[in-house]
Every structure is written in structure tokens, then in C-alpha cells.
Amino acid sequence: MADQLESAAYYHIAYEPHSIMNPLSDERFLLLARQCGLDRNSRVLDIGSGNGWSSYLLCREFGCHSTQIDISEQWTARARLLFSREGLSTHTDIHCMDAASFFCEDNAYDLVLCLGTALLYEGFGPALDVFARTIRRNGCIIIGELSAEPPLPKRYKDYLASFDWDMTGSRTLLRAIDDRGLELLWALRSTPDEWDRYMSMQWKAVSDRARAHPDDAQLQEFLDWARDEQETYLRYQRHHVDWNVFLLRRLGD
Ligand SMILES: C[S@@+](CC[C@H](N)C(=O)[O-])C[C@H]1O[C@@H](n2cnc3c(N)ncnc32)[C@H](O)[C@@H]1O
């Protein structure tokens, strides 16, 4: 629990300067979203919606409505502020809660957005089980998930195992999509520039904060954490890990 709280505290600082809190540019996200046929009557469900930026892009572009679920008070407050500042508050309802407690109605949404948050459902496959029934006929799912093609260097495998992190290859993800009667319509993979930018923004945010508060012991620990992340990223992750964003639809809809 302490670890979880510490991790949340680290990412509350590290993600501070991000718009989308994942290695994906606004333009490439919108490229996918434009394939979904959204309009002002569309309903979106955004699981682990963070600072609300991806939902905001959708509501601004399509005039749709987005239900945002995120456990963080900091990020849901940020999302409320963003929607209010942009005059879009009536286009969203924002719930500060554990996604596991949010009841996803059947056939209720035109798009489910799950960017980097499938773990909240115990993984990619179980998340798809929920999303496949909560989308309406012709509805879509946009889901972001990591993959790594085997074989991985042993030291990186040991590192992942120490976090119980089971990084699958893209074939396993594809099988999970097929097994749920879903059709893959579009696949994006984060570019090296998107990855570098995403990681570097985190390191700089942590460094800036620690520099502004030199007497804060936790921030000095976070600096060490960021250095460890740099090492893992530059040695392994940058070479072996992909971040995929898939656009899916139910087969036969
Ligand atoms: C990597 S961020 C992604 C945010 C957003 N999807 C995006 O791409 O910009 C992960 C988000 O999941 C949220 N989160 C973590 N555990 C959660 C839970 N149990 N229920 C709901 N949200 C959760 C975090 O607060 C964080 O905002």
C-alpha cells in the first residue's frame, strides 16, 4: 500500500506537464478518434481518464459527451478545471473513484477509451471482456497497451518479474482481441520521439520539483527513482517495448 501511495505521489509530479499522460501525440490520438464516427449525440466512457485531456480533445472536436473515471483527486480536479475553463462542463461527468467499482452498463457507449489503464481490469483480455459488452452496436474501443517481443534480455526479464510485470508480445494481444469477437481496425505504435518525449517530460518535472524544494527528502528519493527509470528506459525499454494503441469494433456489428 505504501508503495502504491509512493508511486501515485511520484506520478502526480512526473505527469504534471503532460497533456495525454501516455506516449501519444494529440494529432495521432485524433487520427484514431476520427475513425469512430462520433458526433454530438455520442457517449464516451474514459477509464482512468487522468487529467481529462483525451476526453477534452474528443468533446472539443465532436461535441460528444464523456464519462470520466479516475481514482486520483488531483487528476479529476485538473480535468474539471480544464472542462470548465474551455466551457465544456456540460459535456462531461467526472467520477473520482476506483474504476473497479464503476458499473459499465451494457450497450451504453459509442466509444470506450482505455489509454494505459487495462491493468485496472487485471489486464488487456479481461478489460476487453467488459468493453465488448458496454459498447453499443457499431461502437468502438480505443485501448493502449504495452507489448514486448520475446526473447527479452535476461536482466530486463528479471527486472519485470520483480514487479510481477507480465509483458506479452503483440501476438498474444491479437489473440485476446480475436477471442472476444472483436475486429482490429487500426493499430498505432508510439514512435521513438513520442516515447522519448513522454519519459523526458517526467524526468524533468521531477528534477524541477526537487530543485525547487531541496530540503524535501521524498523529492530527493524521487530523483533517485527517476535516475533508475532513465537507466531502465535507455538500456532496455527504449529498444524492446512498444506502446500500441488499437482501434477495435465488434465483429459483425
Ligand atoms: C498513465 S495515466 C493515464 C491517464 C489517461 N488515460 C491518459 O492517457 O492521459 C493512468 C491513470 O489511471 C488512474 N488510476 C490508477 N488506478 C486507478 C483505479 N483503480 N481506478 C481509476 N483510475 C485509476 C491514475 O490516477 C491515472 O490518472
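Since the structure is predicted, the reported quantities are computational estimates derived from the model, not experimental observations. Just follow the structure's listing: the first ligand is 1, and inside any ligand the first atom is 1. Residue numbers run from 1 in the order of the sequence given.
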- Message: Does R136, at its CZ atom, have more than 12 non-hydrogen atoms belonging to other residues, nucleotides or ligands within less than 6.0 Å?
- Response: yes
Heavy atoms of other groups near R249 CZ, more than 12 under 6.0 Å: no
*asked:* Side chains of E105 and T134 only: does a donor on one sit below 3.5 Å from an acceptor on the other?
replied: no
Have a look at ligand 1 and work out which part of [X], if any, has a heavy atom under 4.0 Å from it: side chain, backbone, both or neither.
X: Y15; result: side chain
X: L120; result: side chain
X: M97; result: backbone

Nearest-option assignment for [atom], heavy atoms, candidates [options]:
atom: atom 6 (N) of ligand 1; options: G48, G50, S7; value: G48
atom: atom 25 (O) of ligand 1; options: D98, D70, L113; value: D70
atom: atom 12 (O) of ligand 1; options: I71, N51, T117; value: T117
atom: atom 7 (C) of ligand 1; options: E73, H95, M21; value: M21

Report yes if [X] has an N/O atom closer than 3.5 Å to an N/O atom of ligand 1; otherwise report no.
X: A100; answer: no
X: G116; answer: no
X: I47; answer: no

Under 4.0 Å to a heavy atom of [X] - the qualifying atoms of ligand 1, by number:
X: I20; answer: 8 (O), 9 (O)
X: N22; answer: 3 (C), 7 (C), 8 (O)
X: L115; answer: 3 (C), 6 (N), 8 (O)
X: A99; answer: 18 (C), 20 (N), 21 (C)

Side chain to side chain, F29 and L113, heavy atoms closer than 4.5 Å:
yes
Original post:
Would you call Q35 and L185 a side-chain contact if the rule is heavy atoms closer than 4.5 Å?
Top reply: no
[X] ring center near [Y] ring center (under 6.0 Å):
X: W75; Y: H12; value: yes
X: Y121; Y: F131; value: yes
X: H91; Y: Y56; value: no

Taking only non-hydrogen atoms of F102, do any sit less than 4.0 angstrom from ligand 1?
no
> Heavy atom of W75 under 4.0 Å from ligand 1?
Replying inline: yes
inquiry  = Regarding R197 and D193, does a basic nitrogen lie under 4.0 Å from an acidic carboxylate oxygen?
reply    = no
- Identify whether the distance between the nearest side-chain nitrogen and carboxylate oxygen of E16 and R78 falls below 4.0 Å. yes
